[in-house]
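Here's the structure, in structure tokens; my notes come after.
Below, read A as the first sequence line, B as the second, and so on, with proteins coming before strands; counting in each chain starts at 1.
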Amino acid sequence: MEGKERGVVPRKIKGFRDINASLNSIRWHIIESASKVYRSYGFEHLDTPILEYADALGKYMPDSDTVDRGVYSFKNPEIEPVYQANGRELRDQDNKVVMDNHFLSLRYDLTAPLSRVYAERMWTRHLKGAIHPGKAPLFRRYQFGPVFRFETKLDPGRFREFWQLDFDSVGSNNIASDAEVCMILSEALQAIGLDKTDFRIKVNNRKILKGLLLDIGVEKEEEEQAILRIVDKLDKIGRAGVEAELGKGRKDKSGAVIPGLGLDPSRTNRIIGFIETFAELNPSRTEVLEELSSKIGNNEISKAGLEELEQIDRVLKNVGMNGDVVYFTPSLVRGMAYYTGPIFEVESTQSYTDEKGIERRVGSICGGGRYDGLVENLLGLKAPASGASIGVDRLAELMMLTGKSKGDVVSPVLITVLDQELMPEYQKIAAQLRRSGVDTEIYYGPNPGFKKLKKQLSYADKKGCPVALMLGGNELEKGVITVRNLKLGSEIADTVTDKGEWRRLTQSEVNLKDLVTHVNSIL
RNA sequence: GCCGCCGUAGCUCAGUUGGUUAGAGCGCUGGAUUGUGGUUCCAGAGGUCAAGGGUUCGAAUCUCUUCGGUGGUACCA
């Protein structure tokens with residue numbers, strides 16, 4: 001190939017991926033299967049832009065022109081009015097509208113854009129006072145697509161662009177809708193092809209731990225968050241690790257010093273003691289509820305949390321989800337601060353063996369919960385919400401690694417080009433096949449022609465084409481076409497070593513008018 | 001962000017007491033097969049040894065810096 005001496009160095013941005021046909025096949029299988037389940041519960045399909053105003057996305061605002069705190073942000077080249085909290089344009093002393101280049105961000109999840117959509121729809125009505133507190137309208141939607149996070153260190157299996165598949169209800173404070181989240185997750189994962197035993201839906205309620213922490217005098221939100229974050233690491237660092245991080249801090253294997261929160265031992269012990277009660281594997285929901293009611297004492301918030309779990313249990317039992325699949329795990333925390341009630345996490349129980357022979361797990365594949373305050377942040381009006389999200393890429397990876405799906409790609413029939421003069425014939429045949437629903441490709445590669453048939457068949461083989469068609473002068477005279485069954489050829493390749501024999505078994509001349517039925521019989 | 005390890009052909013890697021033209025397997029290209037995918041056999045192409053500086057008569061090899069990768073840890077709305 002001739003060209004310039006140098007060009008732009010082609011390179012992919014770190015943390016971003018090209019998705020090949022087989023990964024795409026799994027990805028879309030997941031999306032289609034789960035969406036169908038979501039729809040069956042009344043969720044409608046919503047799409048939102050990938051870019052949003054940074055301030056609508058959450059409390060994290062960039063303070064410079066660069067990527068900031070995990071979010072890709074930049075200034076809009078267009079200047080637009082600056083708005084005040086009351087919805088009016090900001091004006092300067094001369095009564096001129098103040099303009100600015102607003103910060104835009106790539107969405108980091110699908111929940112914040114949903115809040116924006118909902119708040120935007122309610123905005124005018126809310127300003128007029130037309131929505132009564134506690135009467136925010138119900139809106140249920142599902143959404144999938146890429147989200148973006150600026151991670152400084154990329155752990156294996158984590159990317160800066162990845163897909164999520166969410167469903168959420170806004171405007172319902174009915175705990176039954178939280179029970180429904182469990183039902184939907186369970187159904188969706190099974191529709192995707194997982195077995196009941198392949199995953200475990202873990203449920204907890206933020207209120208239970210919140211109440212416990214209040215009891216021991218933790219009132220500041222930052223302190224609560226810090227404690228929850230450490231408790232969340234229980235699986236990873238164990239009881240002793242949690243104890244150390246709550247108290248004096250610890251050193252890890254690599255020698256890095258992790259500072260502790262400096263809680264006094266009596267409070268640390270209360271927290272640890274509480275979590276430890278539930279450390280045994282999978283006690284039944286009923287057992288957990290009994291244990292909880294004896295442990296949480298008189299704190300109103302904890303009691304409310306327990307009551308919600310009991311409700312969830314009743315709803316689930318009512319639809320026949322008794323013991324398996326959904327478990328109550330009081331130590332479950334989840335990172336995100338905006339959860340206010342029940343929280344969910346789906347953990348894969350499957351493991352796989354990596355290339356080094358080490359047994360590994362993918363871990364959490366879905367997450368969600370109730371977030372009654374999120375829309376309020378935007379709208380100033382309380383709109384309760386809950387939902388969950390399937391980590392599409394994580395799940396796809398899991399299915400690939402555990403052999404649940406190979407990412408099957410359907411390849412076309414290939415029409416080889418033996419003679420450029422016959423191109424019109426090839427195109428006619430291709431059109432005919434496509435009309436009958438058969439994917440068909442004509443080989444438009446470099447230098448097709450007599451000598452390169454081997455190349456063309458090799459191309460078809462690598463691409464996984466089930467059938468190759470050959471039409472040259474010989475065939476044209478006889479009104480036939482040579483059909484090569486590549487699929488059969490691959491199947492018998494190990495048993496047939498003689499080339500001539502192999503060819504005879506997989507190849508036949510077919511009358512042109514019978515081609516479509518013949519090809520269909522092979523597929 | 002912090003600590004450790006690594007960076008040789010498209011891929012996986014070999015190559016040190018510093019020494020003439022840097023190797024293998026797979027892949028790729030061509031041929032045996034003048035119209036035929038796999039297998040087999042033969043031949044060939046492909047490397048400023050991550051980049052830049054230093055030490056040396058001489059550096060893939062020693063040293064420094066930067067970049068990239070990886071393992072652990074921290075953060076993750």
Side-chain angles (χ1 to χ4, degrees), chain A residues 9 11-12 14-15 54 56-62 68-71 73 105 107-109 111-112 115 147-156 158 160 162 225-226 229-230 232-233 236-237 241 245 249-259 334-339 354-356 358 367 371 373-374 377 411 414 416-419 422 443 446 448-476 482-509:
Chain A
V9 178
R11 62 214 195 279
K12 188 157 30 54
K14 205 196 317 183
L57 235 35
K59 56 186 173 180
Y60 286 86
M61 276 294 291
D68 201 53
R69 291 215 253 188
V71 185
S73 301
S105 297
R107 64 187 182 200
Y108 57 81
D109 70 10
T111 313
S115 301
V147 301
F148 304 85
R149 294 188 194 177
F150 179 70
E151 310 268 358
T152 47
K153 167 89 171 25
L154 291 158
D155 294 326
R158 299 194 74 169
R160 287 173 171 173
F162 56 95
Q225 286 302 322
R229 216 175 293 135
I230 292 166
D232 196 30
K233 290 200 273 187
K236 212 168 153 194
I237 61 179
E245 288 199 26
R250 66 184 182 98
K251 268 189 190 171
D252 71 22
K253 284 174 281 177
S254 73
V257 178
I258 300 157
R334 292 196 55 72
M336 276 168 260
Y338 59 63
Y339 291 124
D354 73 6
E355 62 279 4
K356 286 170 192 153
I358 302 166
Y371 45 100
L374 201 60
N377 289 343
S411 297
L414 188 81
T416 61
V417 176
L418 292 179
D419 185 347
L422 294 178
Y443 185 84
F450 247 50
K451 281 185 183 164
K452 300 289 183 182
L453 182 56
K454 190 186 171 79
K455 269 242 112 50
Q456 299 186 43
L457 288 172
S458 174
Y459 171 84
D461 185 45
K462 278 173 199 154
K463 196 161 170 167
C465 297
V467 170
L469 302 178
M470 290 166 268
L471 178 75
N474 306 348
E475 285 88 355
L476 198 66
T482 301
V483 178
R484 190 72 188 271
N485 188 338
L486 299 174
K487 200 169 79 177
L488 179 65
S490 305
E491 280 160 16
I492 63 171
D494 294 334
T495 52
V496 181
T497 46
D498 180 68
K499 200 147 195 167
E501 173 74 7
W502 188 48
R503 239 171 248 168
R504 237 169 289 131
L505 285 167
T506 57
Q507 188 166 307
S508 54
E509 284 188 350

### Summary
Closest to the 5' end of RNA chain B, once K462(A) and N485(A) are matched to their nearest nucleotides, is K462(A)
### Query
Out of curiosity, L414(A) CG to Y443(A) OH, how far, rounded to the nearest 0.5 Å?
8.5 Å
### Query
Between E501(A) (side chain) and V496(A) (backbone), is there a donor-acceptor pair under 3.5 Å?
no
### Query
Using atom C1' of each nucleotide, how far apart are U12(B) and G27(B) to the nearest Å?
11 Å
### Task
Rounded to the nearest 0.5 Å, what's the gap from CD on Q225(A) to CG on D232(A)? Could you check?
10.5 Å
### Message
Between R503(A) and G37(B), is there a contact of a side-chain N or O with OP1 or OP2 at under 4.0 Å?
### Response
yes
### Message
Go nucleotide by nucleotide along RNA chain B from the 5' end; which of G472(A) and W502(A) gets its closest nucleotide reached first?
### Response
G472(A)
### Query
What integer number of Å spans the P atoms of G18(B) and A59(B)?
13 Å
### Query
Can a donor-acceptor pair under 3.5 Å be found between the side-chain atoms of S490(A) and the base atoms of G37(B)?
yes
### Query
In whole angstrom, what separates K452(A)'s NZ from U33(B)'s P?
17 Å
### Query
Do side-chain atoms of T416(A) reach the backbone of L469(A) as a donor and acceptor pair under 3.5 angstrom?
yes
### Message
Ignoring hydrogens, what is the shortest heavy-atom contact between S105(A) and A54(A)? Give both atom names and the distance.
### Response
OG-CB, 3.2 Å
### Message
So, OP1 or OP2 of A74(B): does either fall under 4.0 Å of a side-chain N or O from K233(A)?
### Response
yes
### Task
With a 3.5 angstrom cut-off on both distances, give the Watson-Crick or G-U wobble partner of C41(B), or none if there isn't one.
G31(B)
### Phosphate OP1/OP2 of C76(B) contacted by R229(A) side-chain N/O (<4.0 Å)
yes
### Task
For residues G473(A) and L422(A), report the shortest heavy-atom separation together with the two atoms involved.
N-CD1, 4.2 Å
### Query
Counting only Watson-Crick or G-U wobble pairs whose two distances fall under 3.5 Å, which nucleotide matches G25(B)?
C11(B)
#### Entry: C1' spacing across the pair G69(B) / C76(B), given as an integer number of angstrom
22 Å
### Query
Sub-3.5 Å donor-acceptor pair from the side chain of R107(A) to the main-chain atoms of A112(A), do we have one?
no
### Query
So does K14(A) get a side-chain nitrogen or oxygen closer than 4.0 Å to the phosphate oxygens (OP1/OP2) of G69(B)?
yes
### Query
Atom CG of L453(A) and atom P of G38(B): how far apart are they, to the nearest Å?
12 Å
### Message
Could you identify the nucleotide paired to U73(B), looking across every strand shown and requiring Watson-Crick or G-U wobble geometry with both distances under 3.5 Å?
### Response
G1(B)
### Query
Expressed in whole Å, how much space separates the C1' atoms belonging to A24(B) and U8(B)?
13 Å
### Summary
Separation of G37(B) atom C1' from D494(A) atom CG, nearest Å, is 14 Å
### Query
Please give, in whole Å, the distance from C76(B) P to D232(A) CG?
10 Å
### Task
Could you tell me the separation between the CG atom of D498(A) and the P atom of G37(B), rounded to a whole number of Å?
13 Å
### Query
Rounded to the Å, how far apart are F150(A) CZ and A77(B) C1'?
16 Å
### Separation between the P atoms of G47(B) and U34(B), rounded to whole Å
31 Å
#### Entry: Pairwise C1' distance, C49(B) and A60(B) [rounded to whole Å]
4 Å
### Query
Between G37(B), A77(B), G30(B), which one does the side chain of R149(A) approach most closely?
A77(B)
### Query
What is the pairing partner of G68(B), taking Watson-Crick or G-U wobble pairs with both distances under 3.5 Å in any strand?
C6(B)
### Query
OP1 or OP2 of U36(B) less than 4.0 angstrom from a side-chain nitrogen or oxygen of K455(A), does that happen here?
no
### Under 4.0 angstrom between K454(A) side-chain N/O and U36(B) OP1 or OP2
no
### Task
Record whether the side chain of Q507(A) comes under 3.5 Å of the base of U36(B) through a donor-acceptor pair of N or O atoms.
yes
### Task
Check whether any side-chain nitrogen or oxygen of K499(A) sits under 4.0 Å from OP1 or OP2 of G37(B), and answer yes or no.
yes
#### Entry: Interatomic distance at C1', C26(B) relative to G19(B), whole Å
32 Å
### Message
For the C1' atoms, the ones on A14(B) and on C6(B), what distance do you get once it is rounded to whole angstrom?
### Response
16 Å
